[in-house]
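Start at 1 and go down the list; that is how both ligands and their atoms are numbered.
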Amino acid sequence: MDPLAYRNVPPGTHIPSVVNAIVEIPKGRRNKFEIDKKTGLIRLDRYLYSSSHYPGDYGFIPQTLAEDGDYLDILVMVNEPTFSGCLIEARVVGLFKMKDRGVNDYKVLGVPHTDPLFAEIRRLEDVPQHYLKEVEHFFATYKQLEGIVTETLGWAGPEEATAEVRASVDRYLAQLRESVR
Ligand SMILES: [Mg+2]
């Protein structure tokens, strides 16, 4: 298999409400894995300095460009962790807004689209409210021991989340057009 094949994965089957999530860090892990853009391999970036773990499967939506110059990040609620490189068809239910070192670094919240255990989860109100607190606490604290300040800006619903997906796909396409010019 060509490890760079992920570049050809479209951003979703039903953009902007059903997206493709490529998992880098499975739920429950403290290792911060990330895709190496040159080789397509999964690289160990670091073991989180804080003693905390990712509250869901975490990765990115391919063929997007977020405001921080990277792919748009996504956190997928799962009952069982998948694995690095796994592709999940995810339904967008919300957006966690935050800044990392002063730059917007939003996280889309999704659920596995075809999983009947998540069939009723379509909006933030459908998500256990404590889970939203866990996610907020995780992103507020996970870089503290690195001396990096993250600023959390709270949750937004699916309307704002899908608008962010759309904007990130548009930014990606604009950058692509620019690069072939
Ligand atoms: Mg990011």
Salt bridge check: are [X] and [Y] linked by an N-O gap of less than 4.0 Å?
X: K27; Y: D57; answer: no
X: R46; Y: E34; answer: no
X: K143; Y: D100; answer: yes

R29 to Y54 six-membered ring, cation-pi geometry met (6.0 Å, 45°):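 Verdict for Y54: no cation-pi partner in R29.
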N, O or S atoms of the protein lying under 2.8 Å from the Mg ion (ligand 1):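 Near the Mg ion (ligand 1), below 2.8 Å, one finds D68 OD2, D73 OD2, D105 OD1.
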Inter-residue atom distance I74.CD1 - E24.CD, 0.5 Å rounding: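 The distance works out to 11.5 Å.
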Parallel, tilted or perpendicular, as decided by the 30° and 60° cut-offs, for the rings of Y71 and Y6: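 Taking Y71 first and then Y6, their aromatic rings stand perpendicular (interplane angle over 60°).
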